[in-house]
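Notes for the one structure printed next.
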Amino acid sequence: MEPENQTAISNFLLWGLSEDKGLQPLLFGLFLSMYLVAVLGNLLIVLAVSSDSHLHSPMYFFLSNLSFVDICFTSTTIPKMLVNIQAQNKAITYEGCFTQMYFFMIFSALDSLLLTVMAYDRLVAICHPLHYTVIMNPRFCGLLLLLSWLICLTYSSLQILMALRVSFCKETEIPHFFCELAQILKFACSDTFANDLLLYCVTGMLGIVPLSGILFSYSRIVTTIVRISSPGGKCKAFSTCGSHLSIVSLFYGTGLGIYLSSGTAHPSKEGSVASVMYTVVAPMLNPFIYSLRNRELKGALRRFFQHKNLFSVR
């Protein structure tokens, strides 16, 4: 591998989801709508949790952070895609591409780690309810969040620094709607063995270790719930986990599809669809999954809008 980046290119070309010009207005309207719903839905959760004292608990603290990360996650890819469709220009600058990859890796990894922390929160709440407030104290919750950010920043910085050492062929066309490191490395003109090894090992580890933690947490949770004698108690315990399980299934199901498709020599349409589910659909559905199944959050949102209406009347 060359010690320095020898590339002379200034742009990459993003193919997008379709080259059919007739479909571009439809894609623009569809993705703009999904992006606005995702941002507004997650923003409402952040505002509801921060403004309602009833929701100042560890579970909602991590939920509001997940919503904030989802806003950032969708904002790393979709705005650029919409600009390219509107301007009928597929180009993205070299610096812009690497910046997009850097933040994409940060926020996708943060999603994974926050879902793991939320599973641990449910484990403590259900398996150790008497010690919940002692274990999940504000300082410990803040430490878990800080540790998650540090891991993701270190991971993303390492990946980008390694990628900057790679030289690329001219007129590189990426068969995707955003810059993804696994796809970018396939068009390198220099040796990428170390990059590929780091990418698949560390990315796999950041997926497998958190998922293992989630599975372990829920195995303990299920064991505890089975021992509850009251049917009402069982239903209440399961209801607190239902929304989280739905989001975990959606996130890891689509994430696994991307991870497997990124290893193929020729990217498929299925991989692009999985990317859309992962980057847009999952963050868009998260607020609905939590708000529809959670009475406390629905009540907080109702009070938030009533409070805003009161101020507007005044």
Side-chain angles (χ1 to χ4, degrees), residues 33-75 107 110-129 132-133 135-138 140-142 144-145 148 210 214 217-218 221 224-225 232-254 277 280-312:
S33 302
M34 290 194 294
Y35 176 66
L36 291 176
V37 170
V39 171
L40 291 175
N42 283 289
L43 184 60
L44 279 175
I45 287 184
V46 173
L47 293 174
V49 172
S50 60
S51 63
D52 197 311
S53 59
H54 296 90
L55 301 185
H56 291 175
S57 65
M59 182 177 81
Y60 294 109
F61 169 74
F62 292 121
L63 175 60
S64 63
N65 276 278
L66 180 68
S67 294
F68 170 74
V69 168
D70 280 340
I71 292 173
C72 298
F73 187 36
T74 55
S75 297
F107 296 121
L110 263 174
D111 258 345
S112 178
L113 293 181
L114 283 175
L115 288 173
T116 308
V117 171
M118 292 170 75
Y120 176 72
D121 172 72
R122 292 299 84 206
L123 167 67
V124 177
I126 293 172
C127 300
H128 308 284
Y132 179 68
T133 54
I135 296 173
M136 301 301 294
N137 59 75
F140 183 61
C141 292
L144 288 174
L145 181 63
S148 299
I214 292 171
S217 297
Y218 275 104
I221 288 170
T224 302
I225 291 176
K234 288 182 179 180
C235 289
K236 185 178 180 180
F238 271 122
S239 67
T240 62
C241 303
S243 300
H244 181 258
L245 274 174
S246 301
I247 292 175
V248 167
S249 302
L250 186 61
F251 180 82
Y252 278 99
T254 54
M277 293 291 292
V280 190
V281 177
M284 180 186 70
L285 292 180
N286 287 356
F288 294 101
I289 292 172
Y290 261 99
S291 60
L292 291 176
R293 299 176 63 94
N294 191 302
R295 290 181 181 179
E296 290 181 336
L297 190 55
K298 282 193 286 188
L301 287 170
R302 194 180 302 113
R303 288 189 293 273
F304 176 77
F305 283 113
Q306 287 173 350
H307 182 71
K308 291 297 178 185
N309 288 336
L310 182 63
F311 272 94
S312 63

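- The shortest non-hydrogen separation linking I135 to V124 is CD1-CG1, 3.9 Å.
- Considering all non-hydrogen atoms of both residues, V46 and F68 come closest at CG2-N, 3.9 Å.
- To the nearest 0.5 Å, atoms CZ (F61) and CG (L55) are separated by 14.0 Å.
- With hydrogens and angles disregarded, a donor-acceptor distance shorter than 3.5 Å links the side chain of N42 to the backbone of P283.
- For D111, there are no side chain to side chain donor-acceptor pair (under 3.5 Å) partners, not counting sequence neighbours.
- Note that CD1 of I214 and CZ of R122 are 14.0 Å apart. Values are rounded to the nearest 0.5 Å.
- S112 meets the side chain to side chain donor-acceptor pair (under 3.5 Å) test with Y252; sequence neighbours excluded.
- For residues 51-68, the salt bridge (charged side-chain N to carboxylate O under 4.0 Å, His left out) pairs, not counting sequence neighbours, are D52-R303.
- To the nearest 0.5 Å, atom NE2 of residue H244 and atom OG of residue S249 are 10.0 Å apart.
- By the 6.0 Å contact criterion, OH on Y132 is enclosed, its count of non-hydrogen atoms from other residues, nucleotides or ligands being greater than 12.
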side-chain contact (heavy atoms from CB on, under 4.5 Å) assessment of S148 paired with N65: CA-CA 11 Å; S148 299; N65 276 278; over 6 Å; no
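- Of the inter-residue distances, the one linking L36 atom CG with T74 atom OG1 reads 10.0 Å to the nearest 0.5 angstrom.
- Within the model, atoms CD1 of I45 and CG of L63 stand 5.0 Å from one another, a figure rounded to the nearest 0.5 Å.
- Between L285 and L250, the shortest heavy-atom contact is CD1-CD2, 3.9 Å.
- When atom types are taken as modelled, the side chain of H56 and the backbone of V49 share a donor-acceptor pair closer than 3.5 angstrom.
- Note: Y120 and F140 have perpendicular aromatic rings, judged against thresholds of 30 and 60 degrees for the angle between ring planes.
- Atom CG of L145 sits about 10.5 Å away from atom CG of L113, to the nearest 0.5 Å.
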N286 and S67: CA distance, side-chain angles, deciding distance, side-chain contact (heavy atoms from CB on, under 4.5 Å) verdict: CA-CA 8 Å; N286 287 356; S67 294; over 6 Å; no
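- Taking each heavy atom of L123 and S217 in turn, the nearest pair found is CD1-O, 3.8 Å.
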Candidate pair F288 and V37, rule side-chain contact (heavy atoms from CB on, under 4.5 Å), full reasoning: CA-CA 10 Å; F288 294 101; V37 170; 3.6 Å; yes
